[in-house]
Amino acid sequence: MQISLPQKVLLLVSLFVFVIFLGIFRLGVASSVFGADSGDIILSYFFAGVPHPPGYPLNTMLGVILTKIIPGATFAFKANFISAVYSAFSISLVFYLLSRVTRNVVIALAASSVLAFTPLFWLYAHFAEVFQLSSVLVLVSVIFLFEWWVSSGKMRLQPLFIATFFFGLGAFHHHTIILLGPAYLYLAVKAKKIIFKKDRFFKLAAAFLAGALPYLYVFWAARRHTPVNWDDPTTVGNFWRLITRADYGSFSATSDLVGITLAERVKQIVWYFLVIRADFTAFGLVLILAGLIYLFLKKRDWFWFFALAVTFTGPFFLFYASFPLVEPFLQGISERFLLINYLVLTILLAFGMLAAVGTAYRLFPRKVFVLFCSGLFLLFPLVLGLTNFPRADLSRFAAGKTLGADVLLSATPPGIIFLQGDTVTFTSQYSFYVDKLGGDSKILMTGRLVYPSYRQQVMREYPDLLFDDNFKSDKVIGLAQAVMGLVDKNFEKYPIYIVEIVPLPDDKVWVQEGALLRLYKKDDLPDASVIQKNIDEKVGGFIFRPGIFDGLYASFFADHFKNIYARIFTRNGFELLSRNRAGSAIPYFRKTLEFESDYLDARLGLGIAYLTLGDCQKAEQNLGQITALDANYIQAWDALSKVYGDCLGDKARGEEFSRKAQDLRERQFGVPIE
C-alpha cells in the first residue's frame with residue numbers, strides 16, 4: 001500500500017507543490033482592500049504599525065518585509081499576495097505531513113489539493129488576514145510533533161522542542177490556536193514519563209514562551225506613533241490591554257448581540273456541519289468519517305489527537321463563542337475561525353482515502369492497483385477546483401477601493417469624519433493613507449474614542465483640532481461624551497460627518513448626504529432643495545456602479561459590501577422622503593434594488609414614496625412583496641393599512657392590516673404599543 005519517496009526527493013516535491021499552488025492562488029489575489037479587518041492588516045504592513053489586538057507582531061514584521069519584495073501594481077495587491085504565499089506554503093506542508101504519515105504521496109497530493117480548493121481556504125489565499133500565517137505555524141508544529149511521536153523510544157527530543165516552540169509562536173500570534181491544547185496535552189500525558197521530568201518540562205515551557213518574543217516589536221512600533229497604533233503599547237498597562245484584547249472584545253459574542261441559551265449555542269454546531277458539508281461536499285464528509293474510523297481501529301493515539309483537535313477548533317469553539325449568525329458579515333467573521341479546523345479535517349480525509357485504498361488492496365493485492373486507486377482520488381480536487389474558483393476569485397474585486405473612496409468623497413474637506421464598522425473604517429483608512437484621498441480631512445475611529453490611548457493618538461495626529469478636558473483625560477469615557485466633546489469644540493471650524501448616528505443635543509441634527517451623515521444646527525438646516533442638491537452631488541460623484549458586483553460570487557464578506565451600499569442608497573432615499581421629495585427619492589430606492597433585489601428597506605421606501613405620490617397600485621405591489629418575503633415586517637403592514645384605507649378606499653382591509661401590525665408589535669416587544 002505504500003507509495004513513498006526518499007526524504008530528499010519528498011522535500012523537492014513539496015517545494016514543487018508550493019510553486020504550483022502559489023501560481024494557482026496568484027490568479028485570484030485581490031488588488032483592492034477586502035472586507036472586515038483586512039484593511040487594518042494591510043495598513044499595519046504599510047506603516048509597520050500595531051494592528052488591532054492582540055497586535056499580531058510576527059505577521060506584521062513578515063508583512064513589512066514581504067511587501068518590499070513582492071512586485072505589484074497596488075500596495076493592497078502586494079499585501080494580499082502574502083496570503084497566497086502563506087496558503088501555498090500551508091498546502092506544501094500538508095502534502096509533506098500526509099506523505100510522511102500515510103506513506104502514500106498520491107493520497108497526500110489528493111488530500112492537500114482538496115484543502116486548497118475548498119472555498120473557504122481558497123478565498124483566504126486571496127486577501128490579507130492573520131489566519132493564513134496561523135495555518136503555517138500550526139502545520140510546522142504538528143510536523144515536528146509527529147516526527148518526535150513516531151521516533152523510536154521518543155527519546156530524540158529536538159523535534160519536540162521545535163514543535164513546542166512553533167506551537168508557542170502560533171498561540172501568541174493568534175490565541176485561538178490554544179484550542180489545539182487538549183490534543184497536545186493528550187500526547188503529553190501519554191508520554192508523561194518523558195515530558196514531565198523537571199528539567200525537560202521547564203525547557204519545554206521555555207520553548208513555548210519563546211514564541212512570545214515577536215511581541216518585543218510592538219514596543220518599537222508603538223513609539224513611532226504611526227496612524228495604526230492600537231492601544232499605544234508603550235507602557236506595560238497598554239501592552240497588557242493589547243495582548244488581552246481588553247479594548248477589542250473577546251472570542252465570545254456579547255449578550256447584547258446574541259443570546260447564550262443552549263438552543264442558540266446548538267445552532268452554532270448545526271451551522272458548522274452545514275459549512276463543512278458545503279465546502280468538503282458529502283463525499284468529503286464520508287471520507288473524513290472513514291478516516292476517523294480508520295485511526296480508531298489502527299492508530300488509537302492518533303485518533304484521539306485528531307478527534308480532540310477537530311472538536312475543539314470547530315464545534316466547541318463555535319458553541320463557546322456563539323457568534324450571531326444573523327447577517328453575512330457576522331457569518332464571515334465566524335467562518336474564518338474554521339481555517340485551522342480545516343487543516344485537521346484534511347488530515348482525517350487523507351486517512352479516509354487510505355482506508356478506501358486499503359480495502360481495495362485486500363480485494364486485489366497489486367501495487368499497480370494501489371497506485372490506480374490512489375490516483376482516482378485526484379479527480380476529487382480537480383472537480384472542486386473547476387467548481388470553486390469562481391467562488392474564491394477576487395482578481396476583479398474592486399468594492400473595497402470603491403467604498404473607501406465613496407466614503408471620503410462624501411465629505412467636503414477639510415472635515416471631521418467619524419468612521420464606524422470594520423469594513424467601512426479600514427477601507428476608508430486605506431484610501432485616505434495609501435491612495436491619498438480625502439484631502440485634509442480628519443478621520444477618526446468612533447468606537448475607539450472612549451479609550452485614552454486613542455484620544456492621545458488623535459491629539460498627536462490632529463493638533464489643529466480643539467479638545468475639551470474630558471477628551472484629554474486618562475480615563476475611559478462614554479462614546480457620546482467623546483464625540484460631542486469634539487463636536488462642540490470644532491463645529492464652527494469644520495464640517496462634521498459620521499457613518500452611523502450618535503445621539504445629539506436637541507439643537508443639532510444629522511442629515512444623510514451620500515455615504516455619510518452631515519451634522520447641522522436645526523436653526524441653520526438647509527431647505528429641502530439644498531439637501532437634495534447635496535445628495536445628488538455626493539451620490540453622483542460615487543465611483544460605485546451597480547455592475548461592480550456582476551460576475552462575483554457572493555461570499556459572506558463580498559455580500560457585506562452589497563449590504564453597505566444598499567443601506568447607503570436607501571438612507572439617501574429616506575432622507576429625501578422625509579423632506580417631502582418622494583419623486584426624487586424613488587431613483588435611490590430603485591438603485592438599491594438593481595444590485596440587492598431583496599433589500600426590504602428599499603422596497604418599503606419605494607412603497608411609501610408611491611403612496612405619497614398617490615400611485616396606489618405600485619405602492620401595494622412593492623409593500624406586498626415585502627410581506628410575502630417577511631410576514632413579520634411591521635412597517636410594511638403599517639404602510640399597507642394606509643394604502644388600503646387611505647389610497648384604495650378599502651377601510652376594512654386597512655383596519656385588518658393595522659391590527660396585523662399591532663399584533664406583531666405586541667408579540668415582538670411583549671407589550672402593547674400605543
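Sequential numbering from 1 along the given sequence is applied to the chain's residues.
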**Study point:** Test ring-ring contact (aromatic ring centres under 6.0 Å, His included) applied to Y86 - qualifying residues, sequence neighbours left out
**Key:** none
Practice item. Considering non-hydrogen atoms only, spot the tightest contact between A128 and A79 and give its length. Key: CB-O, 3.9 Å
**Study point:** Exercise: do T118 and D279 side chains pair donor with acceptor under 3.5 Å
**Key:** no
Exercise for review: Only counting residues at least two apart or in another chain, list the ones meeting ring-ring contact (aromatic ring centres under 6.0 Å, His included) with W220.
Suggested key: Y217
Practice item. Mind telling me whether Y56 and H52 have parallel, tilted or perpendicular rings, with 30° and 60° as the class edges? Key: perpendicular
Practice item. Check the surroundings of atom NZ in K562: do more than 12 heavy atoms from other residues, nucleotides or ligands lie under 6.0 Å from it? Key: yes
Exercise for review: Output, in order, the C-alpha distance, side-chain angles, deciding distance and verdict of side chain to side chain donor-acceptor pair (under 3.5 Å) for S395 and D393.
Suggested key: CA-CA 6 Å; S395 60; D393 178 23; 2.7 Å; yes
Point to revise | Partner residues of T425 under the side-chain contact (heavy atoms from CB on, under 4.5 Å) criterion, sequence neighbours left out | key: L419, Q429, M445
**Study point:** All pairs passing ring pair (Phe, Tyr, Trp, His ring centres under 6.0 Å) where residues 380-403 contributes a residue, at least two apart
**Key:** F34-F397, W122-F389, F283-F380, F397-F561
Check your understanding: Less than 4.5 Å apart, any side-chain heavy atom of F127 and any of I82?
Key -> no
Practice item. Taking the side chain as every heavy atom from C-beta outward, state whether F21 and S113 have any pair of such atoms under 4.5 Å apart. Key: yes
Practice item. Determine whether more than 12 heavy atoms belonging to other residues, nucleotides or ligands lie under 6.0 Å from atom CZ of F89. Key: no
Exercise for review: For the residue pair W149 and D301, establish whether any side-chain heavy-atom pair is separated by less than 4.5 Å.
Suggested key: yes
Check your understanding: Would you find more than 12 non-hydrogen atoms of other residues, nucleotides or ligands less than 6.0 Å from R224 atom CZ?
Key -> yes
Check your understanding: Can you check whether Y342 and F121 have ring centres sitting under 6.0 Å from each other?
Key -> no
Check your understanding: Using the ring of each side chain (for Trp, its six-membered ring), is F351 parallel, tilted or perpendicular to F306, with breaks at 30° and 60°?
Key -> tilted
Review point. Got a sec, which pairs hit salt bridge (charged side-chain N to carboxylate O under 4.0 Å, His left out) with one end in residues 115-140, sequence neighbours left out?
Key: E129-R336
Practice item. State, yes or no, whether a side-chain contact exists between Y215 and V218 at a heavy-atom distance under 4.5 Å. Key: yes
Review point. If you draw the axis of the six-membered ring of W230, does the NZ or CZ of R448 fall within 45° of it and under 6.0 Å from the ring centre?
Key: yes
Point to revise | By ring-ring contact (aromatic ring centres under 6.0 Å, His included) - contacts of F144 (at least two apart) | key: none
**Study point:** Side-chain (R265) to main-chain (F319) donor-acceptor, under 3.5 angstrom
**Key:** yes
Review point. So do W302 and L187 actually touch side chain to side chain, heavy atoms under 4.5 Å?
Key: no
Review point. Crowded around W271 CH2? As in, over 12 foreign heavy atoms under 6.0 Å?
Key: yes
